[in-house]
Amino acid sequence: MIQTMDRKNMLYGLIFVALLCIPFVTDSRTLLIMLTQIFLFGIFAMSYDILLGYTGIVSFGHAMFFGIGAYSTGILMKQIDSTIPVLLLAIVLAAVLSGLVSYLLGILSLRLKSHFYAMLTLAFSGLFLVLAEKWRSVTYGNDGFTFSIPDPLRDRMTLYFIALITMALVFLLLNRFTNSPLGKVLQAIRENEPRVESLGYNVLHYKVIASVVAGVFASVAGSLYVLTLRFVNTSVLAVEVSLDALLMTIIGGVGTLVGAIIGAGLIEFAHHWLTGLAKVHWIFERWLIFFGILYILVVMFFPQGIVGTFRNWREKRSVRNKKVIEEKKNISG
């Protein structure tokens, strides 16, 4: 088990170093932009995986926290100043606000059954979307607004490194969180909530913690995302953003942080690729159709997601090898 963890950590380290080297071996601006967005949506997908994959909570309103991060950062950078201290203040305030909203939402609604909670999160997300549309003096409605960012962040390579390092740090933090005793309780709730409650655990308490953690990291992803665009509008609060997080998590593998990153990579790569093909034929403009086909194929051939299916295959292979070794020992004995 320890050797397996060491090999896994070594693989993660090699991948991280390889990603660090990419800007020095290619000058493709398009590739850097795409990878930066993959890293940021990887953070967003990992935050959603805390809800769906580790706690068994389905949310259709996760874009609400992504949007809080995006709007908080954009508004403060536009209204106050485009400096590093203001940016850090905006990210912290957005995280605090997202944590507070997720806490209140969790206290009010996590007592409900899963599908009722999912619908309620969708309703709350809709309220934030309406607020962003109507509060035009601040948000400029559907038109959105542009804003300046600090000079050191104007370089795409700098944003690339910030996104990569942030994703790595979030992965380490959430990996530690999910492997802690608290994380084990969350996984037990996912598997059998009545059983956990019968053991004396306050299930609502643990669900609220998961909701707050997910909301905070989703806001961080939103804050960094708008820096790459230097623009924010109501699209960051659209239900499609929540559905993207859901697809990323399911395709990569629920309950696997690495799977969330892989799912984000596949979805973003497919989006960029199909957008490019739209110049060739009009049918590729309907890229949502191809996402639907991709989702169907993954569900058919990878029912537990890419990482989950691979893990099951590896475990079955390990068990089969152990049986063969034991049979050989019995025969030789």
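All values below come from the heavy atoms of this structure, side chains included, with hydrogens, waters and symmetry mates left out.
Shortest non-hydrogen contact noted between Ala94 and Gly69 is CB-CA, 3.7 Å. When all heavy atoms are compared, the tightest approach of Leu120 to Ser109 is CD2-CB, 3.0 Å.
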Ring pair (Phe, Tyr, Trp, His ring centres under 6.0 Å) between Phe217 and Phe44, worked out: CA-CA 7 Å; Phe217 283 108; Phe44 185 51; over 10 Å; no

Candidate pair Ser125 and Phe60, rule side-chain contact (heavy atoms from CB on, under 4.5 Å), full reasoning: CA-CA 8 Å; Ser125 182; Phe60 290 149; over 6 Å; no

Thr228 vs Ile33, side-chain contact (heavy atoms from CB on, under 4.5 Å): CA-CA, chis, key distance, verdict: CA-CA 8 Å; Thr228 65; Ile33 293 174; over 6 Å; no

side-chain contact (heavy atoms from CB on, under 4.5 Å) between Val203 and Leu110, worked out: CA-CA 9 Å; Val203 171; Leu110 278 172; over 6 Å; no

Phe41 vs Tyr225, ring pair (Phe, Tyr, Trp, His ring centres under 6.0 Å): CA-CA, chis, key distance, verdict: CA-CA 8 Å; Phe41 277 104; Tyr225 175 72; 5.3 Å; yes

CA sep, side-chain torsions, deciding dist, call: Val258, Phe171, side-chain contact (heavy atoms from CB on, under 4.5 Å): CA-CA 8 Å; Val258 174; Phe171 174 79; 3.7 Å; yes

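For Asp81 (side chain) and Thr83 (main-chain N/O), no donor-acceptor pair under 3.5 Å exists by modelled atom type. A donor-acceptor contact shorter than 3.5 Å is absent between the side chain of Glu268 and the backbone of Thr36. Checked by atom type and distance alone, the side chain of Ser211 never pairs as donor or acceptor with a backbone atom of Lys207 at under 3.5 Å. Proximity of a side-chain donor or acceptor of Arg190 to a complementary backbone N or O of Gly53 within less than 3.5 Å is detected. Under a 3.5 Å cut-off, the side chain of Asn179 and the backbone N or O of Asn175 do form a donor-acceptor pair.
A side-chain N or O of Ser47 and one of His62 form a donor-acceptor pair less than 3.5 Å apart. A donor and an acceptor atom, one from each side chain of Thr234 and Asn142, are located under 3.5 Å apart. Side-chain contact of Ser223 with Thr73: a donor-acceptor pair under 3.5 Å is present, judged by distance alone.
Cluster membership for Val96 and Val170, using ILVMFWY side-chain heavy atoms within less than 4.5 angstrom, is not shared.
For the pair Leu93/Ser72, no side-chain contact is recorded, criterion being any heavy-atom separation below 4.5 Å from C-beta on. Using a 4.5 Å heavy-atom cutoff, the side chains of Thr55 and Leu51 are not in contact.
Not less than 6.0 angstrom separates the ring centroid of Phe147 from the ring centroid of Phe231.
Using the six-membered ring where Trp is involved, Tyr71 and Phe145 have ring planes that are tilted, between 30° and 60° apart.
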